[in-house]
Amino acid sequence: MIDITGEVNPKRLELALNQLVSRYEILRTNFDIVGDKPVQIIKENVAVHLNIVKSESYQISDYIKPFNLKNDVLIRATLFETNESANAKLLLDLHHIVSDGLSVQILIREIVAFYFGETLELPELQYKDYACWEEKYRKSLDLESKKKYWIECFRDFEPNKGRITQSGINESGVYKGSDVDEEITDRELLNAINQVALKNKTTLFIVYMTALKVLYSKYAATEDVTIGTPMHGRISGELSQMPGTFAVGVGIRSYPAAEKSFSEYMSEVKEVLVHGIENQQCTIGEIVKELTNGKTYEESYLFDMVFTMFMIEDEDNEDRDVVFTFKEDKTTVETHKIRMVITVLPERTKIKVKYAVDYFDEATIKKLISDYLQIMKIITENDSIKLKDINLSTNVDDIEVTVSDNFDFDF
């Protein structure tokens, strides 16, 4: 969802949308089965109609409908206007087969550029070029060595041991969802977090993820933690601004032993993540099939929690009469049991935790976020603190989650 402040011109907006679709073949794509193989069918001309809804009250879910991959345009747009002419909302509905998280940011930025009459250079590559290259690239890789790395990583892995929620190996991976939002606006704390990254010669991603792993280990009472994280998958600079489905997931397994210091453990997480990036071409599904002798390929076998981070230089547009601001919709469907999304902005950092309502309640998620913030404050005061000395404000015994009976230890 995009919040629009200022009096938007619907005709200009529809024109911008059609310029965008003309620019990218992936948005003019349908899929079909020819013989026994799925194929991509690219249409030369596709028209996007801007649906306009003039109402003070509406349910966004009424305007999100399934796509027919064979016939439908795989991007839809609805403009919600109210009696306040200077405020509107734009809903973009895209099928995940043609876009990932980074794609949404790229597309919104370019819609805004076209709306204001900017001319963008034509992309040198289209997604089909990447798809053909990627198929040849995978054939040239030593995938067996990459698979061997992951199998070794998870050789003694026990999917039902030490988790916040019980492993659902045969689950569909689609849950009724909700979310809770929090923000860090304390500049002193934000600067201190940056200093932890600089001092330890690492990134903010590693700092935030390590803190989450420490939190998870305490909630699940385990010294063996695997958290999933998506890689943007754009392994070449030429792909950095291309929309499409590139993202791949990896499972980051590490060992937050009580006697380790936070900085020591952070170095371990960094090393494992680097190896994960190097071996990301071997998909989670392939790894899980190997580990389970082909019984399943579900990501939930390896982890029930996912961590994602976005770095956004400027949240809003330039100083113009009409301002477009991306706002994520309330979560109603979730693909993981619990997922933390960190969005780092120039003046603040957003924390969103999405969760499956059948496994967590809102009060528990709020406690989890509160404890996460406490860990962040503790490690900025002393990043050499031992993990056993990082205390939570929450009594873990009181949290309303599904916890495994088989604990490694208890802090």
Side-chain angles (χ1 to χ4, degrees), residues 1-24 26-27 46-65 67 73-96 98-118 120 177 179 181 183 241-245 247 308 310-333 341-350 352 354:
M1 180 67 75
I2 304 168
D3 282 351
I4 304 176
T5 304
E7 194 164 347
V8 67
N9 184 319
K11 289 185 177 180
R12 281 175 60 187
L13 184 56
E14 186 173 78
L15 177 61
L17 288 163
N18 279 281
Q19 286 178 282
L20 184 77
V21 171
S22 296
R23 179 175 170 80
Y24 293 114
I26 194 67
L27 300 179
V46 169
V48 177
H49 171 67
L50 179 63
N51 182 31
I52 300 176
V53 176
K54 295 180 178 289
S55 176
E56 292 292 334
S57 60
Y58 48 81
Q59 293 293 325
I60 291 175
S61 58
D62 293 340
Y63 299 88
I64 300 176
K65 302 184 183 302
F67 287 93
V73 180
L74 301 184
I75 176 173
R76 301 188 187 116
T78 302
L79 181 68
F80 298 98
E81 295 183 325
T82 66
N83 291 332
E84 298 179 39
S85 59
N87 291 283
K89 293 180 181 295
L90 174 64
L91 172 66
L92 290 181
D93 187 12
L94 294 106
H95 197 289
H96 206 344
V98 298
S99 68
D100 54 19
L102 183 56
S103 297
V104 173
Q105 297 181 42
I106 294 168
L107 296 176
I108 291 174
R109 185 169 60 247
E110 295 192 359
I111 289 171
V112 173
F114 285 132
Y115 180 85
F116 288 109
E118 296 179 20
L120 302 178
D179 57 55
D181 293 286
E183 289 189 354
Q241 298 304 311
M242 181 186 290
T245 301
T308 305
F310 295 101
M311 305 282 288
I312 300 179
E313 294 182 2
D314 189 0
E315 185 178 13
D316 295 332
N317 315 129
E318 298 174 12
D319 187 15
R320 289 166 164 162
D321 292 337
V322 181
V323 176
F324 296 77
T325 307
F326 175 71
K327 300 289 184 184
E328 192 170 0
D329 300 331
K330 185 71 177 176
T331 301
T332 56
V333 176
V341 181
I342 300 288
T343 304
V344 178
L345 299 159
E347 300 297 326
R348 58 200 171 107
T349 292
K350 296 180 180 179
K352 178 185 286 288
K354 304 183 178 190

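If you read the sequence from its start, that first residue is 1, and numbering goes on from there.
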Residues at least two apart in sequence or cross-chain that pass ring-ring contact (aromatic ring centres under 6.0 Å, His included) with Tyr63, listed by chain then number, are Phe80
Sorted by chain and number, sequence neighbours left out, salt bridge (Lys or Arg N to Asp or Glu O under 4.0 Å) with Lys352 holds for Asp179, Asp181
With side chain to side chain contact (heavy atoms under 4.5 Å, CB included) as the criterion, how do Phe324 and Leu13 come out once you've worked through the C-alpha distance, each side chain's angles and the decisive distance to 0.1 Å?
CA-CA 11 Å; Phe324 296 77; Leu13 184 56; 4.2 Å; yes
For Pro10 and Leu79, the nearest pair of non-hydrogen atoms, with its separation, is CG-CD2, 4.1 Å
In terms of heavy-atom contacts, Phe326 and Val104 come closest through CE1-CG1, 4.1 Å
Sorted by chain and residue number, the side chain to side chain contact (heavy atoms under 4.5 Å, CB included) partners of Val46 (sequence neighbours excluded) come out as Val21, Arg28, Lys43, Val73
For Arg76, the salt bridge (Lys or Arg N to Asp or Glu O under 4.0 Å) test, sequence neighbours excluded, returns Asp72, Asp93
Gln19 meets the side chain to side chain donor-acceptor pair (under 3.5 Å) criterion, sequence neighbours left out, with none
In Ile106, Ile111, Ile108, Val48, the residue satisfying side-chain contact (heavy atoms from CB on, under 4.5 Å) with Leu20 is Ile111
The test is side chain to side chain contact (heavy atoms under 4.5 Å, CB included); show your working for Ile2 and Val112 and say whether it passes.
CA-CA 11 Å; Ile2 304 168; Val112 173; over 6 Å; no
Sorted by chain and number, sequence neighbours left out, side chain to side chain donor-acceptor pair (under 3.5 Å) with Glu183 holds for Arg348
Smallest heavy-atom separation, Ile312 atom then Pro346 atom, equals O-CD, 3.4 Å
What one should report as the nearest heavy-atom pair of Thr245 and Ser99 is OG1-N, 3.4 Å
dist Leu90:CG -> Thr325:OG1 (nearest 0.5 Å) comes out at 12.0 Å
Residue set satisfying side chain to side chain donor-acceptor pair (under 3.5 Å) with Asp3, at least two apart, ordered chain then number -> Lys89
Salt bridge (Lys or Arg N to Asp or Glu O under 4.0 Å) filter on Asp100, not counting sequence neighbours, yields Arg234
> Any donor and acceptor pair, going by atom type alone, linking the side chain of Ser103 with main-chain N or O of Gly244 inside 3.5 Å?
Replying inline: yes
Phe114 vs Arg12, side chain to side chain contact (heavy atoms under 4.5 Å, CB included): CA-CA, chis, key distance, verdict: CA-CA 9 Å; Phe114 285 132; Arg12 281 175 60 187; over 6 Å; no
Those residues at least two apart in sequence (or on a different chain) that pass salt bridge (Lys or Arg N to Asp or Glu O under 4.0 Å) with Glu14 are none
Applying ring-ring contact (aromatic ring centres under 6.0 Å, His included) to Phe67 and not counting sequence neighbours gives His95
Applying side chain to side chain donor-acceptor pair (under 3.5 Å) to Arg109 and not counting sequence neighbours gives Gln241
Between the side chain of Tyr115 and the main-chain N/O of Asn9, is any donor-acceptor distance below 3.5 Å?
yes
